[in-house]
Structure formats: structure tokens, C-alpha cells
Amino acid sequence: MGLEINQLHAGYGKIEALHGISLEVADGDYVAVVGANGAGKSTLLKAISGTVRSFSGAISFDGSELTRMPPHQVPVCRIAHVPEGRQIFPRLSVFDNLMLGAWLVKDESVREQRLRLVYDLFPRLKERATQFAGTLSGGEQQMVAVGRALMLGPKLIMLDEPSQGLAPKLVNEMYEQLKEVHRLGTSVLLVEQNTTSALKYSTRAYVMERGKIILSGLSEELRDQDEIRRAYLGI
Ligand code: ATP
């Protein structure tokens, strides 16, 4: 089943920012949404999370309708959102930041098991567990944001520009870690301005422009077509 979006119109106040988006992330898929600044990528993730109002259209996940669901219910469906700019709590320890992601997990053994998984994926977070998260490097803070999302045990993880502000070497490291998250069974919906990385790691991709999807296909095929690269992807 997974995520199905059909003719979604959404926006801020009376201003529409998404003009009829249809998109699908099947179970186990790795989908990227690419497009320039202001295309509506962040708005799309926020509409799925319920923090931006949907005007019309449908968003369903594993059969549950999300458009009228209050934002705090969306994680109950096991959709995790890693927002733009990470939004971690700088004056809390790495451990406490991670535990905030497990607010829905009542069973302590499940929480411990997830924490072990996060520490296996990001050993640096284990080393720095007691440190204030605000004192970490940008790459490490991004790991905290992804780790916090994984503590929910998501079926779908949505990431908003995870490569933003990272040095090229760290961008690759981050994407290799996400590849492992995907390999372990989590579906991925990624929005990125960094088209090269997004198309390298995803299976399918959508290109957004001014609140609409103007192109979609297999990432490999989009990546390999010169005119598409030039006209739409800016590479
Ligand atoms: P970026 O990478 O810069 O975040 P984006 O593709 O994610 O770009 P959005 O942030 O989703 O784009 O913005 C889409 C449109 O919605 C833009 O026209 C933007 O000005 C508008 N918008 C975004 N946030 C708000 C807001 N809080 N209030 C009103 N309009 C907004």
C-alpha cells in the first residue's frame, strides 16, 4: 500500500502553494522529489505531516486518510518527518533528543532495541550520547535528526534536504547511511535541491516546479538523459 497522494491542493492561509500533486511511494520504495528553491517540496512534506492545510485532494497511507488528521496523529501511522534545518534541541543531550523520537513507544525493550539500531548506524552518536546536541558538527546534528526519526520505528521516513549545509564527504556518508535505513525495510521519501545525490540513491523521482509535478520516472533514466538534466535538473 504505502503513500498515495491524489490531486493535492494545499497552501498557507488562502494562498495555494501545491496545485494538484499526485505521487506515490509504495512499500519499500525510495522516492526523491527534486526541484528549485520555492518549488513546493517542503510544503508537500508538511501537507503529509498535517502541518500545512490541504485544500482538496487526498493523501492516504496504508489505507488511512491523512488530510484531515491532526499532526500529532500522523506519527501514529508510523510516518516520520526529518524537517529542513534538522530542528534538534541544542540544549538537550544527544540521548535525550533521540528519546524524544520514541514518545509513542511505551515498551522499554522496543525503545532499547531501536536505540541500539540507531547507535549501530551512527556510532558517533553513541560516543557523544551525553553531549549537548548543539555542540555537535552539522553532519552529526543531521545524524541526530535522522536517529530521532528512526526511534519512532517508521514505515516511511520523509527527509527535507538532509544534505543542506554539509561538506561533500559528509553528504555521501549521510546518503550511505540512509541507504542502509532503506535496506533494513523503511520506505524513503526524500526532497532535495541536491539533484545529483537524490537521483543517485533513489529508485524513482519526481521533478517539481512552481507547485506542480512536471516530470517523473526512474531516477536512473532521468539522470542519464542529457536534455532532462539540462532543462529541468540544472546539472
Ligand atoms: P526550499 O528548498 O527553498 O524550502 P521548497 O521547494 O521546499 O523550497 P516551499 O518552501 O515548499 O518550497 O515553498 C513553496 C511556496 O510556498 C513558495 O512560494 C513559498 O513562498 C510559499 N511558502 C512557504 N512557506 C510559507 C508560509 N509559511 N507562508 C506563506 N507562504 C509560504
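Count residues from 1 along the sequence. Whatever order the structure lists them in is the order used to number ligands and atoms, beginning at 1.
Rounding to the nearest 0.5 angstrom, the gap separating the OG atom in S64 from the CZ atom in R78 is 12.5 Å.
Around the CD atom of E24, the shell of radius 6.0 Å holds more than 12 heavy atoms that belong to other residues, nucleotides or ligands.
A donor-acceptor pair under 3.5 Å is formed between the side chain of S187 and the backbone N or O of G28. Side-chain atoms of D62 come within 3.5 Å of backbone N or O of G2 as a donor-acceptor pair. With E192 contributing its side chain and S163 its backbone, the two residues share a donor-acceptor pair below 3.5 Å.
Residue-level contacts of ligand 1 at the 4.0 Å heavy-atom threshold are Y12, A17, A36, N37, G38, A39, G40, K41, S42, T43, E84, E161, Q193.
Listed by first and then second residue, the side chain to side chain donor-acceptor pair (under 3.5 Å) pairs that reach into residues 133-146 are R86-Q142, Q131-T135, S137-E140, sequence neighbours excluded.
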